[in-house]
Amino acid sequence: MIVTSALIIWKALMCITGSESPVVVVLSESMEPGFKRGDILFLHMSKEPIRAGEIVVFNVDGREIPIVHRVIKVHERQDTGEVDVLTKGDNNPGDDRLLYAQGQHWLQRQHIMGRAVGFLPYVGWVTIIMTEKPIIKYILIGALGLLVITSKD
Amino acid sequence: MHSFGYRLNALLTFSVTILALMCAIASLSDNLNTPSPSAEIQIMNINWFQKQPQGNDEVSLTMNISADLQSLFTWNTKQVFIFVAAEYETPKNSLNQVSLWDAIIPAKEHAKFWIHTSNKYRFVDQGNSLRGKEFNLTLHWHVMPKTGKMFADKIVMTGYNLPEEYR
């Protein structure tokens, strides 16, 4: 019951938000006090141009974990409409240039996976615990499996 | 059919659904709020205005920022993030937005304020087109809720100018 409905909701969210991963878990304290570790963010990616103040999720080449920070500088080209974007975590003293790849000073549109549009507190702790203590993940999957096998439906 | 496992499963699903509904209603209640914020920014001084070694113009300025953002707060508001950005156009770029200063307002009592400050973040152009440039100063706010949808908007203030010559 739970598993099927969770899957349906996940797939529906993917369709509605038009994004590969419509939900991310906040992993660091760089956006506190707004977003704390364990919160989840709902993402949405539209064709609207990227503007200062938006909270975006982006990937840096060579890093597998996406980063969720705020856009503080935008430079949009006259001719091509392409943008150079600089981001910064609200709680960080400096901007994200240190996090970007070697020699990279700006983010472009292709690095950005989505904008954060909504948020739910605390719900993401389940994912963090399962990633950092895999034994709990195995116990949970084992228990769920046991439930499926022993149910008489 | 009445085993402990089934009851636990049904209870969990029900409580999670109710929680999700409550979060959604809390978020929807934010739509009932009609904010009426106001703000004013004065540039007190252009501290210096130089062309950097890499060829980009940079300005340092001191501003007086005063605002009343109390009407943005609802019971579902955790904090309001505000920032002041300079917006201008250059031959190379159709839009440039450079954040100069930001702050977090944690509660309604702090939402009516006045501050005298120099720019927190460097005002650097991509290129050297800033001499005599006319620009807008926009005060953006981002309402971050305790749960649900985030709202953002801005006030645009026009008519600011940079000096014709470096100093």
Side-chain angles (χ1 to χ4, degrees), chain A residues 1-6 9 31-36 39-42 44 49-55 70-88 90-91 93-95 105-106 115-123 126 143-144 146-148 150-153, chain B residues 1 3 5-6 8-10 12-13 16-17 19-20 23-24 27 54 78-104 106 120-127 138-154:
Chain A
M1 197 190 340
I2 293 187
V3 176
T4 347
S5 39
I9 293 176
M31 285 294 281
E32 285 200 5
F35 301 146
K36 295 193 164 48
D39 295 341
I40 66 172
L41 297 175
F42 294 102
H44 188 265
I50 312 227
R51 291 288 173 255
E54 294 176 351
I55 299 177
R70 196 182 295 271
V71 173
I72 61 166
K73 290 194 184 173
V74 171
H75 294 283
E76 183 175 297
R77 295 272 176 285
Q78 289 273 14
D79 40 8
T80 60
E82 283 170 17
V83 283
D84 283 338
V85 160
L86 180 63
T87 56
K88 174 182 175 293
D90 289 349
N91 204 25
D95 59 42
H105 295 292
W106 303 97
R115 291 182 184 85
V117 296
F119 126 108
L120 271 181
Y122 309 121
V123 181
V126 181
L144 263 170
L146 217 67
L147 218 94
V148 170
T150 57
S151 73
K152 294 196 186 68
D153 269 338
Chain B
M1 200 53 214
S3 74
Y6 276 110
L8 188 61
N9 189 9
L12 273 174
T13 319
V16 168
T17 318
L19 263 174
C23 286
S27 184
Q54 315 95 332
K78 176 157 56 168
Q79 66 178 38
V80 174
F81 182 90
I82 59 172
F83 67 99
V84 170
E87 295 183 359
Y88 59 94
E89 189 180 338
T90 59
K92 179 178 170 194
N93 292 327
S94 55
L95 174 66
N96 299 281
Q97 289 178 312
V98 180
S99 174
L100 299 178
W101 173 86
D102 57 29
I104 291 176
K120 198 169 168 185
Y121 304 116
R122 300 171 63 181
F123 187 167
V124 185
D125 187 25
Q126 274 191 342
T138 44
L139 178 73
H140 296 246
W141 59 85
H142 206 123
V143 178
M144 294 160 90
K146 296 196 172 103
T147 166
K149 184 165 181 285
M150 298 191 282
F151 297 91
D153 206 346
K154 61 186 183 183

Restricting to side chain to side chain donor-acceptor pair (under 3.5 Å), what partner residues turn up for B/Gln79, sequence neighbours left out? none
What part of B/Met150 gets closer than 4.5 Å to chain A, counting heavy atoms only: side chain, backbone, both or neither? both
Distance col, row B/Asp102:CG vs A/Arg70:CZ, nearest 0.5 angstrom, shows 8.0 Å
Taking side chain as everything from C-beta outward and backbone as N, CA, C, O, which of these in B/Glu87 sits under 4.5 Å from a heavy atom of chain A? Side chain, backbone, both or neither. neither
What distance separates B/Phe83 CZ from A/Asp90 CG, expressed to the nearest 0.5 Å? 10.0 Å
Which bit of B/Lys146 is near chain A, if near means a heavy-atom gap under 4.5 Å: side chain, backbone, both or neither? backbone
Part of A/Asp95 lying under 4.5 Å from any heavy atom of chain B: neither
At what distance, to the nearest 0.5 angstrom, does CZ of A/Phe42 lie from NZ of B/Lys149? 13.5 Å
As an exercise: rank B/Trp141, B/Tyr121, B/Phe151, B/Phe81 by heavy-atom pairs under 4.5 Å with chain A and give me the winner. B/Phe81
From NZ (B/Lys78) to CZ (A/Phe119), nearest 0.5 Å: 3.0 Å
Structural part of A/Pro49 lying under 4.5 Å from a heavy atom of chain B: neither
Donor-acceptor pair, A/His75 side chain versus B/Gln126 backbone, under 3.5 Å? no
Answer key: most heavy-atom pairs under 4.5 Å with chain B among A/Leu86, A/Ile55, A/Asp79, A/Val83 is A/Ile55
Quick check on B/Leu95 against chain A: is it the side chain, the backbone, both or neither that has a heavy atom closer than 4.5 Å? both
With rounding to the nearest 0.5 Å, note down the distance linking CG in B/Leu19 to OH in A/Tyr122. 12.5 Å
Under 3.5 Å, is there a donor-acceptor pair between the side chain of A/Gln78 and the main chain of B/Thr90? yes
So do the side chains of A/Arg77 and B/Asn93 get within less than 4.5 Å of each other, counting heavy atoms only? yes
Counting only N and O atoms by type, is there a donor-acceptor contact under 3.5 Å from the side chain of A/Lys73 to the main-chain atoms of B/Ser99? no
Which residues pass the side chain to side chain donor-acceptor pair (under 3.5 Å) test with A/Glu82, sequence neighbours left out? none
Proximity breakdown for B/Pro106 and chain A, heavy-atom pairs closer than 4.5 Å: neither
